[in-house]
Number of protein chains: 2
Amino acid sequence: MSTPRFIIIKNFIEDKINAGEFTPGDRVPSENELCQQFSVSRMTARRALQSLNDEGLLIRTPGLGSFVAKHRPISTLLEVRNIADEVHERGNSYSAKIITMTEVEATSQQAAMLNVAAGAILYHSVIVHFEEEIPVQWEDRLVNPALAADYLLQDFNTITPNAYLSKVAPLTEASHKIEATLVDQTIASKLHIDTRSPCLQISRRTWSAAGIVSIATLIHPGDRYCLGGHWKI
Amino acid sequence: MSTPRFIIIKNFIEDKINAGEFTPGDRVPSENELCQQFSVSRMTARRALQSLNDEGLLIRTPGLGSFVAKHRPISTLLEVRNIADEVHERGNSYSAKIITMTEVEATSQQAAMLNVAAGAILYHSVIVHFEEEIPVQWEDRLVNPALAADYLLQDFNTITPNAYLSKVAPLTEASHKIEATLVDQTIASKLHIDTRSPCLQISRRTWSAAGIVSIATLIHPGDRYCLGGHWKI
DNA sequence: TGTATATGGTTGTATATACAACTAGAATTT
DNA sequence: AAATTCTAGTTGTATATACAACCATATACA
């Protein structure tokens with residue numbers, strides 16, 4: 001049994017929603033209809049619908065049926081995302097630039113994040129990400145040279161730093177902090193932007209297999225960089 | 001059958017987690033143990049555990065058991081919350097002040113939100129919420145006097161505007177937009193704060209039964225007003 | 001001592017069944 | 001014509017059962 005049957009049914013419905021065949025408000029097949037269509041028991045068909053209901057894509061009403069929800073759940077907006085993908089999805093040009101690369105001795109905090117001894121030699125690089133030539137993200141990257149010797153030898157003119165990372169090791173940890181602040185002095189002066197620029201989100205990501213920690217600050221956000229959600233009760 | 005049995009079991013476990021009896025990493029009772037303890041079938045016990053797993057409170061591993069998750073899911077941080085509750089939870093003093101109350105003719109947008117005809121008479125009030133005497137939220141409230149005559153007669157020195165609302169009608173809709181901007185000129189001048197103050201979150205809430213729409217802006221946010229999440233993969 | 005193997009306990013998937021609660025519309029009655 | 005009742009279809013809850021997949025430990029064997 002490769003993929004469970006209830007997952008197949010779930011994907012079947014989810015795909016139709018995403019493709020626009022089922023639009024918000026539409027009724028999707030009932031449990032019994034799915035039973036016949038896929039030759040499964042009601043509990044199996046039910047599980048597919050229930051799962052989509054739990055995820056907020058369907059609204060199920062006793063006596064009526066299951067309907068495509070009119071509002072997408074907020075959680076889908078808060079996934080751990082790659083800024084390059086996000087920019088490309090908007091059809092804009094993306095580029096990144098490494099502006100510094102220095103050797104540092106790990107502070108105790110840094111050491112803990114990368115699981116090395118305090119005082120160990122690490123590389124600290126600053127990467128700025130651009131959307132349409134406008135800086136949108138400032139990223140501090142700490143690299144453990146013992147694990148990531150490869151990383152230091154890469155030519156980031158031919159491969160973006162993020163693309164290399166996602167190829168080499170899986171993301172193992174991520175924390176986001178969504179906070180409104182003004183950009184700090186360092187960032188403002190390096191990027192020649194106003195210290196009045198608000199910044200939105202600070203995220204820390206760890207690729208432990210590659211020995212890399214990234215702390216990113218989303219700067220200069222506008223409508224394109226807001227998070228939101230909508231509930232109807 | 002008042003409350004479903006699987007809900008009872010689910011609450012039983014959830015309560016123990018919240019009370020600290022089960023701490024992150026702990027193993028919770030297995031499906032079979034719950035069967036005996038609550039005299040239910042395995043499918044019922046399973047459903048309670050599965051539900052907690054889906055919500056991210058438990059991690060279930062085949063062959064091992066169900067364990068309390070080490071990281072809370074981000075969604076729980078984004079609930080529709082009451083600012084008064086939030087301030088009180090921090091042990092700080094909360095107060096609110098109605099600073100204007102004017103009669104307006106509904107624009108087409110406003111009319112649509114409250115389901116009245118464009119041009120209908122509405123009341124527009126501005127409420128500022130304080131934490132420890134510091135303004136933290138600016139709220140524009142639109143009130144349909146046909147439905148909310150009561151509201152206009154309240155003495156908000158003895159009951160806070162929010163407390164009255166939650167007593168009188170259920171919240172029916174809410175949308176949040178999390179965005180980093182600077183406070184606008186109007187707010188800055190009325191509250192005598194710097195136009196450089198960042199603001200974080202804009203939320204719109206609707207109490208349709210009471211004919212009230214509220215648009216709130218969270219101003220002057222600091223560490224206390226950030227949202228965040230943490231994932232471990 | 002080290003390596004297989006067996007075992008008991010756990011979660012995952014799936015079926016068949018039963019009854020309850022709810023809805024809309026049809027059929028019936030008043 | 002209007003109100004009531006019935007009915008078919010839907011989701012919700014719950015049980016009993018079966019087998020598969022996985023894990024840690026204990027046991028048997030080499």
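Letters go in sequence order (proteins before strands), and every chain restarts at 1.
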Next on the checklist: With a 4.5 Å cut-off on side-chain heavy atoms, are B:Phe22 and B:Pro29 touching?
Outcome noted: yes
Item to check | From D:dG12, C:dT11, D:dT15, nucleotide with atom closest to A:Pro62 side chain | outcome: D:dG12
Item to check | B:Thr44 side chain near D:dT15 phosphate (N/O to OP1/OP2, under 4.0 Å) | outcome: yes
Next on the checklist: Quick check on D:dT10: is either OP1 or OP2 less than 4.0 Å from any side-chain nitrogen or oxygen of A:Arg60?
Outcome noted: no
Checklist entry - Between B:Leu49 and A:Phe6, who's closer to the 5' end of DNA chain C by nearest nucleotide? => result B:Leu49
Next on the checklist: Counting only side-chain nitrogens and oxygens, does A:Ser30 get under 4.0 Å of the OP1 or OP2 atom of D:dT10?
Outcome noted: yes
Item to check | Distance-only side-chain donor-acceptor flag, A:Thr23 / A:Asp26, under 3.5 Å | outcome: yes
Checklist entry - What's the CD-P distance between B:Glu31 and C:dT13, to the nearest Å? => result 11 Å
Next on the checklist: With a 4.0 Å limit, can you tell me whether A:Ser66 has a side-chain N or O closer than that to the phosphate oxygens OP1/OP2 of D:dT11?
Outcome noted: yes
Next on the checklist: If I take atom CZ in residue A:Phe67 and atom C1' in nucleotide C:dA24, what distance separates them, rounded to the nearest angstrom?
Outcome noted: 11 Å
Next on the checklist: Could you identify the nucleotide paired to C:dA14, looking across every strand shown and requiring Watson-Crick or G-U wobble geometry with both distances under 3.5 Å?
Outcome noted: D:dT17
Checklist entry - What is the distance, rounded to the nearest whole Å, between atom CD1 of B:Ile59 and atom P of C:dT10? => result 19 Å
Checklist entry - A:Ile9 has an atom CD1; how far is it from atom C1' of C:dT13, in whole Å? => result 12 Å
Checklist entry - In terms of the nearest nucleotide of DNA chain C, which residue is placed more toward the 5' end: B:Leu64 or A:Ile7? => result B:Leu64
Item to check | Residue B:Arg47, side-chain atoms from C-beta onward, closest of C:dG12, C:dA14, D:dT13 | outcome: D:dT13
Checklist entry - Are B:Gln50 and B:Met43 close enough that some pair of their side-chain heavy atoms sits under 4.5 Å apart? => result no
Checklist entry - Any side-chain heavy-atom pair from A:Arg141 and A:Val213 closer than 4.5 angstrom? => result no
Checklist entry - So, A:Glu131 versus A:Tyr94: side-chain donor-acceptor pair below 3.5 Å or not? => result no
Checklist entry - According to a strict under-4.0 Å criterion, is B:Gln50 in side-chain N/O contact with OP1 or OP2 of C:dG12? => result yes
Item to check | Distance, rounded to the nearest Å, where B:Leu52 contributes CG and C:dT11 contributes C1' | outcome: 15 Å
Checklist entry - Among the nucleotides D:dG12, C:dT15, C:dT11, which one has an atom lying closest to any side-chain atom of B:Arg46? => result C:dT11
Checklist entry - Can you check whether A:Glu33's main-chain N or O pairs, donor with acceptor, with A:Gln36's side chain at less than 3.5 Å? => result no
Checklist entry - For A:Lys10 and C:dT13, what is the distance between atoms NZ and P respectively, to the nearest whole Å? => result 11 Å
Item to check | Residue B:Arg27, side-chain heavy atoms: nucleotide from D:dT10, C:dT10, D:dT13 that is nearest | outcome: C:dT10
Next on the checklist: Tell me which residues in residues 33-43 of chain B lie within less than 4.0 Å of DNA chain C, going by non-hydrogen atoms.
Outcome noted: B:Glu33, B:Arg42, B:Met43
Checklist outcome for this item: Quick note, A:Pro4 side chain, CB onward, closest among C:dT23, C:dA14, D:dG12 is C:dA14
Next on the checklist: Looking only at the side chains, is there a donor atom on one of A:Ser66 and A:Arg60 sitting less than 3.5 Å from an acceptor on the other?
Outcome noted: yes
Next on the checklist: For the residue pair B:Arg47 and B:Phe6, would you count it as a cation-pi contact if the rule is NZ or CZ under 6.0 angstrom from the ring centre and within 45 degrees of the ring axis?
Outcome noted: yes
